[in-house]
Each structure stands twice: as C-alpha cells, then as structure tokens.
Amino acid sequence: MTSPQDWPLYEVFVRAKRGLDHKHVGSLHAADAAMAIEHARDLYTRRQEGVSLWVVKSSDIVASDPDDAQALFDPAEDKIYRHPTFYDIPKDVETL
Amino acid sequence: MYTQGLLEAIPKAVSALEDSERMARFQARIDAEEKIEPKDWMPDAYRQTLIRQISQHAHSEIVGMLPEGNWISRAPSLLRKSILIAKVQDEGGHGAYLYSAAETLGIARSELIDQLLSGRAKYSSIFNYPTPSWADIAAIGWLVDGAAIMNQIPLCRCSYGPYARAMVRVCKEESFHQRQGYHAMLSLARGTPAQQRMAQDALNRWWWPALMMFGPPDTASQHTAVSVRWKIKRFTNDELRQKFVDFTVPQAQFLGLTLPDAQLQQAADGHYQIGPLDWSEFNAVLKGNGPCNAERIAERRAAHADGAWVRAAAIAHAAKRAARAVA
Ligand SMILES: [Fe+2]
Ligand SMILES: [Fe+2]
C-alpha cells in the first residue's frame, strides 16, 4: 500500500490547442505540483499534443457515485421539451 | 483516475443476491459495448484479471527499454541515435500510462513495482533475449513492435475504460516504432554483404520468439474464454499470430531476407502456414531460464535502488516548499 515516501498521484489535463477545453488524459506520480507539470510535459506532450497543462491531486477530486447515476441523471430523460427538435414549426416560418 | 475514492468504494460484504443482480448488470453493460469505469461495481475476478494483465503489460514496456537502451550509445548515426532515444522514451511512457490504468483498479504503484522487482510478476518473455548487434534493434522495431501492435490494437476496444484509453495512446506511438525498425532493416538489407548477413542473422534469432509473443496456442490457453466474454480479449492467440504472419512474410520478402522456417508456405486461401513452434523454449524462458532473465531483473532492481535517494529527496524538498508556503 502507499506510504508517505510514495509520490502522490496527480490527474493530468491537456489543452490540445487554443480555443479548446482542457481534457483529462491520465495520471502520474510526482513529489509536488511543479514536478507533476514537468512529468506531464514529458509523458503526455511528446508530440505537440498540447499547449497548456493542468494537474490536480487525484485525492482532491470529488466524483459522483455511479450508484447515484440514476437519481442524478435520469430526471433529465423525459424532458425532451428542452431540445429544439421537440418543436414542430410550420415550414413557412423561416430563420427559426 | 480516482484511485483513492475507489479504495474506499470497494464493497464490504454484499449479499449473494445483490451480487448476482450486479453481475447481470455488469455483463449487460459489456454486451452493449459500454465501458466499465473505475468506480463501477465489477466482479473481483474481472478486477484481478485486469490488474494482472495491465501490470504485466506495464512491466513489459519498462523491461523492454533495456535491450534497446543497450544500443543508444552505439547507434550507427546521430539520427538513428535520436530515433532510438525517442523510441525508448516512448516505451517508458507506455509503462507509465499502463501503471496509471492499473492503479485505477485499487492497487498502488509501489506495490506493482515491488511485484516486478521481487520476481513475482511476469513480463513479456521477448525481452529476455539479448541484443548483440545493431541489426537486433532494427529487428525488434520491425518484429517485436509489429507483434505488439497486432496484440494491442484490439485492446483499444477493451471493456475497461482506462485500459482502452491508455491503449489508444500507446497504439498511436507504436506505428513509429515499427516503421523506424523496418527502415533500419531496409538500410542493412540494401547495404554491404556484411550488413545483409547481420540483418539475416537478427531475423533468424527474432522470428520465432516474435511469433511466441502471441502466447500459447488456443488449445493450451487457459484465460481465453472468460476474457473474451468480458471483452478484455477480442481475438485468440492463434488468430492474432496468423494475422501477424500474413502481414510480415511479404515484408521479409521485400527486404530480400529469408524467414528461418523451411516449412513456411502460402496456402490456397492466401494465408501463410508456419512450421511448428518450439513451446518448450518459450516455457523455459517464461520460467526464468531465458538468456537474460536474471540480468534484466538485476538491472531494474539496481535502477530502483539507485533512484531511492532521488525519490526521498524530492519528497523532502516538496515538504519543505509546502511548509515555507504556509509560513
Ligand atoms: Fe510500447
Ligand atoms: Fe514500441
């Protein structure tokens, strides 16, 4: 199991190019955040995959529980009126 | 990802009924080609199978740096040296991607490293063969990375999300590995008679071990059925081996080299039929009696031990900086 001597785990996010979101690409171990950025550069951007990096300690991420997925996400399922395609508009109406 | 969260989320004791319901949902998800993600419930055998397979894979990438690293200082040109450094660095990266994927299943990196260094974990037997000549580096890229690609492409669709995503990343990089190897082989095959002999000699030594990278024949493979049901494996060992042979034989012909198999022939259906594989050799290498097993592990142990002070110093430095930031 992990001991205090082990470097903590960081999650890595890469922005592929300006204008795009940072996207999760994987994780790595580093002694601190500065080292995590250096390792992320070597590990995830050897072929110009990114122009910007985020790292965050994995233990700082709070995730939803898969067992709660139904309770969290199913209520959106029957609200089809939230989508523009729900509305039938006569063809004569343009630019809508 | 979410390793820590996962450790807490491992269910304590679930009733048998609950278990069978969850099992049915789990299998339904896989049948529907949906991915299993780290925090999802999964049967313990699935978790253990993946930890074993992903970590063996990671160990193979790490140990795989050794036979090639052996030639970095002696590559025949600056360009070949740059290429080889880049390739070996990629392999280290592959190991890191895969260790991370394994960690999402709730096992610590330090434990995985420990399994490798203590000799409890397996890695691909192919890396227990020596690389006495430059042509071996060419042959490894062409054949060993070529066989690895054949094995790895179906893993990009593996049912476990983090493994599949790591494999997509790995496969993108592998194509360069195989092409640079074939390119180097081509240079030798078109070179002086001595270089041609070198290329042929390397092919003679790597051909059979490369074919054995696909694992035991289907008739003797223990893990296939359940791994196929769980979509960890999509093709059998023999299917992948045959595909590799069909791809590689024409490549060897183009090089003007001879495959070391007197029984090799093309069947009426276009597939190439190979002669029998010597599984006693494979098993001997697997059991630790290959030419370089002891050397490889000794080298990894030394690297880990030599790096201990660096790891400790980095932690101490990070703690000091954190303390200063608070003050
Ligand atoms: Fe690799
Ligand atoms: Fe490779």
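These numbers come from the heavy atoms of this one structure, side chains and all, not from hydrogens, waters or symmetry mates. Treat the numbers as computed from the prediction; the structure is a model and nothing was measured. To find a chain, count down the sequence lines: A is the first, B the second, and so on, and within it residues start at 1.
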Visitor: For the CD atom on B:Glu33, are there more than 12 heavy atoms of other groups (residues, nucleotides or ligands in this structure) within a distance under 6.0 Å?
Guide: yes
Visitor: Taking 4.0 angstrom as the limit, do B:Lys39 and A:Asp68 come out as a salt bridge?
Guide: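 Salt bridge flag = no for A:Asp68 with B:Lys39.
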Visitor: Please classify the contact between B:Glu37 and chain A as side chain, backbone, both or neither, with a heavy-atom cut-off of under 4.5 Å.
Guide: neither
Visitor: If you look at every heavy atom in B:Ala314 and A:Ala31, which pair is closest and at what distance?
Guide: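 Shortest heavy-atom contact: O-CB, 3.5 Å.
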Visitor: For B:Arg22 and A:Asp67: C-alpha separation, side-chain torsions, deciding distance, then whether salt bridge (charged side-chain N to carboxylate O under 4.0 Å, His left out) applies.
Guide: CA-CA 11 Å; B:Arg22 291 179 135 170; A:Asp67 287 344; 3.6 Å; yes
Visitor: Less than 4.5 Å apart, any side-chain heavy atom of A:Val25 and any of B:Arg165?
Guide: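 Result no, sub-4.5 Å side-chain heavy-atom pair not found.
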Visitor: With a cut-off of 6.0 Å (strictly less than), are more than 12 heavy atoms of other residues, nucleotides or ligands near CZ of A:Arg18?
Guide: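 Counting other residues, nucleotides and ligands, CZ of A:Arg18 stays at 12 neighbours or fewer.
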Visitor: Taking it one step at a time, do B:Glu173 and A:Arg47 satisfy side chain to side chain contact (heavy atoms under 4.5 Å, CB included)?
Guide: CA-CA 9 Å; B:Glu173 299 178 355; A:Arg47 290 178 177 79; 3.4 Å; yes
Visitor: Side chain, backbone, both or neither: which part of A:Leu43 has a heavy atom under 4.5 Å from chain B?
Guide: both
Visitor: Between B:Ser100 (side chain) and A:Ser27 (backbone), is there a donor-acceptor pair under 3.5 Å?
Guide: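 Yes; at least one donor-acceptor contact below 3.5 Å.
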Visitor: What part of B:Arg311 gets closer than 4.5 Å to chain A, counting heavy atoms only: side chain, backbone, both or neither?
Guide: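 Both the backbone and the side chain of B:Arg311 come within 4.5 Å of chain A.
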Visitor: Please tell me if the side chains of A:Arg46 and B:Asp90 come closer than 4.5 Å, counting only heavy atoms from C-beta onward.
Guide: yes
Visitor: Counting only heavy atoms not in B:Lys231 (residues, nucleotides, ligands), do more than 12 fall under 6.0 Å from its NZ?
Guide: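 Yes - once you tally the heavy atoms of other residues, nucleotides and ligands closer than 6.0 Å, there are more than 12.
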Visitor: Who among B:Ala318, B:Ala319, B:Ala86 has the most heavy-atom pairs with chain A under 4.5 Å?
Guide: B:Ala318
Visitor: Does a salt bridge link B:Arg109 with A:Asp6, judged by any charged N lying under 4.0 Å from a carboxylate O?
Guide: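 The answer is no: the pair does not qualify as a salt bridge.
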Visitor: Among B:Arg169, B:His317, B:Lys172, which residue forms the greatest number of heavy-atom pairs with chain A at distances under 4.5 Å?
Guide: B:Arg169
Visitor: Is the count of non-hydrogen atoms from other residues, nucleotides or ligands lying under 6.0 Å from A:His22 atom NE2 greater than 12?
Guide: yes
Visitor: Could you tell me whether a side-chain N or O of B:Tyr97 sits under 3.5 Å from a main-chain N or O of A:Tyr44, the two making a donor and an acceptor?
Guide: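 Looks like no, no N/O pair under 3.5 Å.
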Visitor: In terms of heavy-atom proximity below 4.5 Å to chain B, should A:Val62 be classed as side chain, backbone, both, or neither?
Guide: neither
Visitor: Can you confirm whether more than 12 heavy atoms, excluding those of A:Asp21, are under 6.0 Å from its CG atom?
Guide: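 Not more than 12 within 6.0 Å, no.
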Visitor: Report, as yes or no, whether the 6.0 Å neighbourhood of atom NZ on A:Lys17 holds more than 12 heavy atoms from other residues, nucleotides or ligands.
Guide: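 Atom NZ in A:Lys17 is not packed in, count stays at 12 or less.
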